[in-house]
Amino acid sequence: MWITRRNRYGRRYGRRGTHARRTRGQTQRLVRVWTAGAVLLLALAAVFLLFRGGERPGFERGDLLATVNSGGDVELYWPESDVPSALYEVKYVCGETQGTRYCSQPSLRLSGLPAGEKLELQVRAQANRKGFFGGSRRLDSWKTLRTELVLPEEPEIPAGAADLPSGGALALTYQETTPRLCVLEWNGTRCHHFEVRRRAGETWETIARLTPEEHMRYDLGRLGSGSYNRFQVAAVDGDGAELQAEEVSLWASVSPLYATVWPIENMNFWENPSGGVRLGSVPGGTALCVLAEEGNWFRVRYGEDYGWVDSRYCMIDLPEYVGDHCAYDITNSYDSLFAVHGSPIREVTHQVLPGYEDVRLEDGTFLVPYLYPCAKKLLTAAQAAEADGLRLKIYEAFRPQRATRFSYDATEKQLKDPALTEAGGQVGMSLSKLMTDNGRFNLGSFLARTISSHNRGIALDLTLEKIDGGEELEMQSVIHDLSWYSETYLNTLNAKLLEGYMKAVGMNGLSSEWWHFQDDDTRKAIGLNSSLEKGVSPEGWTQDDGGWRYRRAGGSFVRGTVLTVDGRTYTFDSEGYAAG
């Protein structure tokens, strides 16, 4: 039942049953308990935040400094973090240009910023820490270093520039200081600035602007192995008019440094080139980057480990090794030319063959794997052709075994079918007759049924082109014409010329294909019996003088993001270089 009473203030209250009325003192005690609990929780939170905050990276004493060098680049310097493994995040805004860069050292150079604009900069330190409940997390520094400056309209000219001779010859020269590291040198003349240019296709691309001095020097950095380069230096006045220019051309040395290689078989991974401790095994077909060469050994990175593999069993990417000494068009990666004297083979002609999906990269270049000892011989043949004004043009090197079987099986099923023209009309004979000259040859004369020399990385399909203009020399048939019209007994003088270059370096041909040559001597010398079933890709770590980058299967680099690779977290800057 309800009992109604009045409290001391004349207000009524009720209670049911035996529940006691809460007194004012009880209420006050309850409030004190809750208040004490809240204070305790806040204190614990403060201690936790203070404890965790102590793990945040900081900076030594100092400020962010920014200067503009004579070439117009902005050079940044700041104090080191108190955490040795910290990463630095640099954000910049310059007019409509903005970006973020990451680096592991307390300095950075920014190029290509718009002149005359206000540049705003900020730097934070970052470090990975173990989370409270396990795992890891990224902590940013409490402090952010900031500065700003206005970039000059034009690089300032030294006071002594007016004293330089006017119109004198630049006398542009180059020298290779160490393999593939080159510098340009020339005489300073009176001008507003010098422009250093590189030939890119049909145009000149400016790569640097330098203020005049008595003796000029520009470091070109490391050039591509076997690359042909053209550089120009121009003296320019204040209105941008060219006063004079001189040009040099040069071939970079050939070396495997930083080239991509793929083991042709599962290979032992050693701590030292002389053997010693075995670190594990590298699966055949894994993309690796050459960091050093010693005897028959390549030093490479596999996962998070560094060690040595036998270079004799590695295929090397020819464009990264032989470079411009050869031309490359791996048509099987986008439009297979395999046909029977103009008669298409269904599922093969004009198709991407299985295993070639990642051979043509996003920038249009090709991966061309070829066994390293064979590649050395190829270079000699290529240089002999160059002396005659010709260039070797490669249509195929390594061929995945799955592509070999697919091409053979698909063609065999059609041998009794009528041969067709490209337009779909009938030639008037079977595909087999057109191919084999009515049985004088067979399908195996042109396509291997199981394993071919291409699958072992020791064979090439190639032709000749003129260096001047790139026109291919005429042969008795087009390349990859799988028919008796390609037989070597029909060789033209041009085909015999190609044969001469290749056989002079120890390559053997096939009687059925004027374009095919293979290095049987190398295979016997190293006892090679392995082949690769699957195709290759460039996916993996690759290094250059700027550091490590991670390349995807399509050839692009991971940029401007955080990614975990091989169980370790890396931060990639806008150029794709990794830190972490």
Side-chain angles (χ1 to χ4, degrees), residues 225-226 251 254 264 312 314-332 337-338 366 368-399 404 445-448 452-467 470-526 528 531:
S225 175
W251 283 96
V254 174
I264 193 66
R312 297 173 300 169
C314 288
M315 298 184 297
I316 194 167
D317 184 30
L318 290 178
E320 295 179 88
Y321 175 63
V322 176
D324 295 327
H325 290 289
C326 293
Y328 314 92
D329 189 6
I330 310 303
T331 53
N332 286 339
L337 299 181
F338 285 171
F366 301 96
V368 189
Y370 191 46
L371 204 68
Y372 183 52
C374 309
K376 295 179 182 179
K377 296 182 179 181
L378 174 67
L379 176 61
T380 301
Q383 291 171 331
E386 285 171 354
D388 296 332
L390 301 172
R391 181 166 45 226
L392 301 179
K393 184 174 183 179
I394 298 172
Y395 277 88
E396 190 172 14
F398 165 70
R399 180 189 301 166
T404 294
S445 303
F446 310 102
L447 291 173
S452 75
S453 297
H454 283 287
N455 307 151
R456 304 185 193 279
I458 64 170
L460 289 172
D461 292 348
L462 72 168
T463 188
L464 287 170
E465 68 175 20
K466 297 178 181 178
I467 292 179
E471 178 186 359
E472 290 188 19
L473 272 57
E474 185 176 357
M475 306 295 183
Q476 63 263 34
S477 74
V478 298
I479 199 165
H480 286 171
D481 177 2
L482 308 182
S483 76
W484 66 274
Y485 292 90
S486 303
E487 295 287 329
T488 55
Y489 80 89
L490 297 174
N491 270 4
T492 62
L493 292 178
N494 291 333
K496 292 179 180 179
L497 184 61
L498 172 64
E499 182 181 51
Y501 294 134
M502 301 306 292
K503 288 193 172 182
V505 296
M507 303 284 188
N508 298 321
L510 290 180
S511 62
S512 54
E513 297 173 351
W514 58 262
W515 59 78
H516 177 102
F517 295 90
Q518 59 192 52
D519 189 356
D520 295 317
D521 290 343
T522 291
R523 180 188 173 185
K524 293 177 182 177
I526 66 175
L528 178 64
S531 61

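The structure presented is a predicted model; accordingly, all values stated were derived computationally and were not measured.
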Who are the side chain to side chain donor-acceptor pair (under 3.5 Å) partners of [X], not counting sequence neighbours?
X      : result
Asp461 : His454, His480, His516
Arg456 : none
Arg523 : none

Phe517 and its side chain to side chain contact (heavy atoms under 4.5 Å, CB included) partner, picked from Leu378, Leu498, Ile458: Leu498
Name of the residue among Lys496, Gln476, Glu499 meeting side chain to side chain contact (heavy atoms under 4.5 Å, CB included) with Trp514: Gln476
Please name all residues satisfying side chain to side chain contact (heavy atoms under 4.5 Å, CB included) with [X], sequence neighbours left out, ordered by chain then number.
X      : value
Ala375 : Ile316, Leu318, Tyr321, Tyr370
Lys466 : Leu390, Glu471, Leu473
Thr522 : Leu371, Pro373, Cys374, Lys377, Asp519, Ile526

If every non-hydrogen atom of [X] is compared with every non-hydrogen atom of [Y], which pair is closest and at what distance?
X      : Y      : value
Ala448 : Thr404 : O-CG2, 3.3 Å
Thr463 : Glu472 : CG2-OE1, 3.7 Å
Met502 : Ala381 : SD-CB, 4.1 Å
His325 : Ala382 : O-CB, 3.6 Å
Ser225 : Glu320 : CB-O, 3.3 Å

Side chain Asp317, main chain Val368, donor-acceptor under 3.5 Å: yes
Whether Asp388 side chain and Ala385 backbone form a donor-acceptor pair below 3.5 Å: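 No; zero donor-acceptor contacts below 3.5 Å.
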Out of curiosity, [X] [atom1] to [Y] [atom2], how far, rounded to the nearest 0.5 Å?
X      : Y      : atom1 : atom2 : value
Ser452 : Phe398 : OG    : CZ    : 9.0 Å
Leu462 : Trp515 : CG    : CH2   : 11.5 Å
Tyr328 : Leu392 : OH    : CG    : 9.0 Å

Heavy-atom side-chain contact between Thr331 and Phe338 under 4.5 Å: no
Modelled atom types, side-chain donor and acceptor of Asn494 and Thr492, under 3.5 Å: no
